[in-house]
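A quick write-up on the structure given underneath.
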Amino acid sequence: MVRYVVVGGGIAGVTCVETLSSLCPEEEVLLITASPLIKAITNYKKITKTLEDFDVEERPSISLQSECVNVKVVQKSVDSLNARSHVIKLSDGEEIHYQKLCLCTGGRPKLILDCSPYILGIRDTESVQEFQKRLSTARRIMVLGNGGIATELVYEIEGCEVIWAIKDKSISSTFVDPGAGEFFMAEINKKKEARGEKPSKRLKYTVQDVRTQSTKDSPLGGALGPDWSADLSMTGTQEISHCVTVEKCVEVRRVYTKEEFQESGKWSTDLMGNVDQDCWPIYIELTNDKVYGCDFLVSATGVIPNTSPFLPGNQFSLAEDGGICVDDKMRTSEEDVYAAGDVCTVSWEPAQHWLQMRLWSQARQMGAYSAQCMVADIKGQSISLDFCFEVFAHVTKFFGYKVILLGKFNAQGLGRDYEILLRVTKGSEYVKVVLRNGRMEGAILIGETDLEETFENLILNKTDLTPFKDHLLDPDIDIEDFFD
Ligand code: FAD
């Protein structure tokens, strides 16, 4: 019987194992992961109390064993779980008995069609390499989805026409409001030289040369980490820089193969709206009746939690999004089984200013906290919810701008009961504050605003801002001094 078993070598699983190893150096910790490379966090730094920044490195899974002597890594996939008997079964039939188990198996891209070779998802290094290869011979592609992956792709792709199909009224709406979407729209077709980018100093992802899985149903490698797109060549065959056409408020109605399209009697349009005479491998009909021919489509519409090996024969509560429900101690509904990262969905009553999003910062935080919870349970100690779940905080980069999201940055769950303060300098910064009853509920900070620490404190302290409201975003007032 192994005391602690963790499944998954992504950010959540590796952080969980490292935390277990440091909390109980005398206990055996087993990491089982399908991927030959694990994700290790490096250069971790706290920007504010809740905002964190780090790099992610891909390392051979075995490297974890040399850093944490009580950790053993097994590179296999888990095929099934018998939670009542506390046993997992590996792909080669080996059975492992555990005392505490943590599932950190991440998610897989949600594809609009699973069986078309012209529809790609992006998750791990190998899927990115496949994408790059296909793009290098492409003249036109469609990107479907409005989250972080779609936003980064659209920003990076050159030499290829891109149709960005989104179901919302504004771009990047998973993260930012329509105002910020408009702010970014100005950047969308700017030439690379005009963007004044600095090269990224972070890691370049390598493709796993030891590939053990090849079918669509088998586990993927871990999801990519920060700056995954920055150093990659994403260039098509055309002599053009960025050429993005955004189709708003649409979904995909139907995907046609070349043959199906020829038989359909329909016609497709080019980017100018003229009848397209070219021949394409696939044709995509949108709900606004437009049909575009493309070389391929990238489906970037979120992830489906990787739960399938664990469900048969067990009684896990699942959330609507398919994630395994966890309580405020990261426990699933099966005894001694915990879950962390993209595979889980929190089912505790979240703090006023926190929400779950499938992000690497939350994968790290959940991985560490689930380890603390498992250890506390074994030792019979009580543990309270980690401070990182008090305020949602995320830092990222969109269209070359630093983007910081705090609290209920999009007024999530506030109904109509809030007001917005806004400060925009085109091409430089976008600051939005969400206020309810005079208190700050959340904020979006785009550009080098330097406001994150003060705003985080105002949210955490629930400061009544009614008397200062009119001056809060006044660029001539140093609000840091104001609230000292
Ligand atoms: P994963 O990293 O998916 O790891 C899952 C692990 O489980 C893998 O090692 C896999 O091999 C293993 N596994 C799966 N099934 C089994 C099995 N049956 N047996 C054994 N092992 C198994 N987040 C941000 O915060 N900001 C961003 O800008 C951002 N951009 C992203 C861009 C891309 C292209 C992608 C794909 C994701 C992005 N994310 C971003 C999301 C972020 O990467 C994830 O939320 C995070 O990495 C999830 O970590 P995880 O450990 O839960 O899962």
Side-chain angles (χ1 to χ4, degrees), residues 5-17 30-41 52-54 56 58 61 73-81 88-91 96 102-110 120-128 131 145 147-153 155-156 172 174-175 205 208 211-213 217-230 232 298 300 302-311 323-324 339-344 356-368 370 392-398 403 405:
V5 176
V6 178
V7 186
I11 293 173
V14 171
T15 311
C16 181
V17 163
L30 185 62
L31 174 69
I32 301 166
T33 182
S35 49
L37 298 174
I38 53 132
K39 297 278 190 287
I41 284 179
E52 50 187 41
D53 193 24
F54 49 79
V56 176
E58 283 182 329
S61 47
V73 184
V74 171
Q75 194 213 312
K76 287 177 192 168
S77 61
V78 175
D79 270 7
S80 65
L81 161 70
I88 51 171
K89 198 167 183 185
L90 308 189
S91 44
I96 293 171
C102 189
L103 303 177
C104 304
T105 44
R108 62 177 69 236
K110 208 188 279 172
L120 309 185
I122 291 194
R123 179 74 188 168
D124 53 4
T125 321
E126 183 161 287
S127 55
V128 169
F131 163 75
I149 297 177
T151 303
E152 295 205 46
L153 284 179
Y155 177 66
E156 293 292 340
S172 313
T174 309
F175 290 95
Y205 291 87
Q208 306 169 3
R211 183 75 179 164
T212 48
Q213 316 89 26
D217 293 332
S218 56
L220 300 156
L224 293 158
D227 287 343
W228 66 277
S229 60
L232 296 173
V298 182
V303 291
I304 303 169
N306 276 328
T307 57
S308 51
F310 313 112
L311 304 184
I324 298 178
D342 281 8
V343 75
C344 79
Q356 182 184 11
M357 286 183 86
R358 290 188 162 85
L359 298 168
W360 43 66
S361 49
Q362 293 197 359
R364 192 202 69 77
Q365 292 161 349
M366 288 180 178
S370 58
F392 176 88
H394 184 57
V395 56
T396 186
K397 215 173 190 195
F398 286 150
V403 177
L405 308 173

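Read the numbers this way: they start at 1 and go in the same order the structure lists the ligands and their atoms. Quick caveat: nothing in here was measured; it's all calculated off a predicted structure.
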Where do Gly145 and Ala150 come nearest, in terms of heavy atoms and distance?
-> O-CB, 3.2 Å
Counting heavy atoms only, which part of Ala363 comes closer than 4.0 Å to ligand 1: side chain, backbone, both or neither?
-> side chain
Heavy atoms, side chains only, cut-off 4.5 Å: are Leu90 and Val74 in contact?
-> yes
Looking at ligand 1, does Lys39 have a heavy atom less than 4.0 Å from it?
-> no
For the pair Ile38 and Thr33, evaluate side-chain contact (heavy atoms from CB on, under 4.5 Å) and give the outcome as yes or no after the intermediate values.
-> CA-CA 8 Å; Ile38 53 132; Thr33 182; 4.2 Å; yes
Where does Val14 meet ligand 1, judged by heavy-atom distances below 4.0 Å: at the side chain, the backbone, both, or neither?
-> neither
Do Lys110 and Val303 touch side chain to side chain, with heavy atoms closer than 4.5 Å?
-> no
Any N or O of Phe310 that comes nearer than 3.5 Å to an N or O of ligand 1?
-> no
Taking all atoms of both residues into account, what is the closest heavy-atom pair of His394 and Ser361, and its distance?
-> ND1-OG, 3.9 Å
Does Trp360, backbone or side chain, put an N or O under 3.5 Å from an N or O of ligand 1?
-> yes
May I ask you to list the atoms of ligand 1 that are less than 4.0 angstrom from any heavy atom of Ile122?
-> 34 (C), 36 (C)
What about Ile11: any of its N or O atoms under 3.5 Å from an N or O on ligand 1?
-> yes
Ligand 1 versus Cys104: contacting region, heavy-atom distance under 4.0 Å | backbone
Under the ring pair (Phe, Tyr, Trp, His ring centres under 6.0 Å) rule, collect the residues that match up with Phe392, sequence neighbours excluded.
-> Phe409
For Lys76, salt bridge (charged side-chain N to carboxylate O under 4.0 Å, His left out) partners two or more places apart | Asp92, Glu94
Atom indices of ligand 1, in the order listed, that fall short of 4.0 Å to a heavy atom of Val7 | 19 (N), 20 (C), 21 (N)
Ligand 1 N/O within reach of Asp342 N/O, cut-off under 3.5 Å | yes
Side chain proximity check, Gln365 to Glu52, heavy atoms < 4.5 angstrom = yes
Quick note on ligand 1: atoms under 4.0 Å from a heavy atom of Arg358 include exactly 41 (C), 45 (O)
Does ligand 1 have an atom that lies less than 4.0 angstrom from a heavy atom of Lys397?
-> no
Atoms of ligand 1 less than 4.0 Å from Glu152 heavy atoms?
-> 28 (O)
Is it true that Lys76 lies under 4.0 Å from ligand 1, counting heavy atoms only?
-> yes
Could you tell me whether some N/O pair between Val78 and ligand 1 is separated by less than 3.5 angstrom?
-> yes
Numbered atoms and elements of ligand 1 in range of Pro309, under 4.0 angstrom, heavy atoms = 18 (N)
Shortest non-hydrogen separation from Ala40 to Val14 and the atoms involved = CA-CG1, 4.5 Å
Under 4.0 Å from any heavy atom of Gly341, which atoms of ligand 1 are there?
-> 52 (O)
Ligand 1 to Ala12, heavy atom cutoff 4.0 Å, flagged ligand atoms 51 (O), 52 (O)
For ligand 1, find out whether one of its N or O atoms is nearer than 3.5 Å to an N or O atom of Gly9.
-> yes
Do any N/O atoms on Thr33 end up under 3.5 angstrom from N/O atoms on ligand 1?
-> yes
Going through the checks in order, is the ring-ring contact (aromatic ring centres under 6.0 Å, His included) test met by Tyr155 and Phe398?
-> CA-CA 8 Å; Tyr155 177 66; Phe398 286 150; 9.4 Å; no
For Gly10, atoms of ligand 1 separated by under 4.0 Å from a heavy atom | 2 (O), 4 (O), 6 (C), 9 (O), 51 (O)
Within the 4.0 Å heavy-atom cut-off, what Ser35 brings close to ligand 1 is both
Do any nitrogen or oxygen atoms of Ala34 lie less than 3.5 angstrom from nitrogen or oxygen atoms of ligand 1?
-> yes
Give the minimum heavy-atom separation between Ser35 and Gln75, together with the two atoms involved.
-> O-CG, 3.7 Å
List the atom of Gly8, the atom of Leu31, and the distance in Å for their closest heavy-atom pair.
-> O-CD1, 3.3 Å
Sidechain N-carboxylate O distance under 4.0 Å for Arg123, Asp342 | yes
Closest heavy-atom pair and its distance - Ala34, Ser77 = CB-CB, 3.8 Å
Is it true that Gly148 lies under 4.0 Å from ligand 1, counting heavy atoms only?
-> no
Region of Ile149 that comes within reach of ligand 1 [heavy atoms, distance under 4.0 Å] | side chain
Do Met357 and Thr174 have side-chain heavy atoms sitting under 4.5 Å apart?
-> yes
Heavy-atom contact under 4.0 Å between His394 and ligand 1?
-> yes
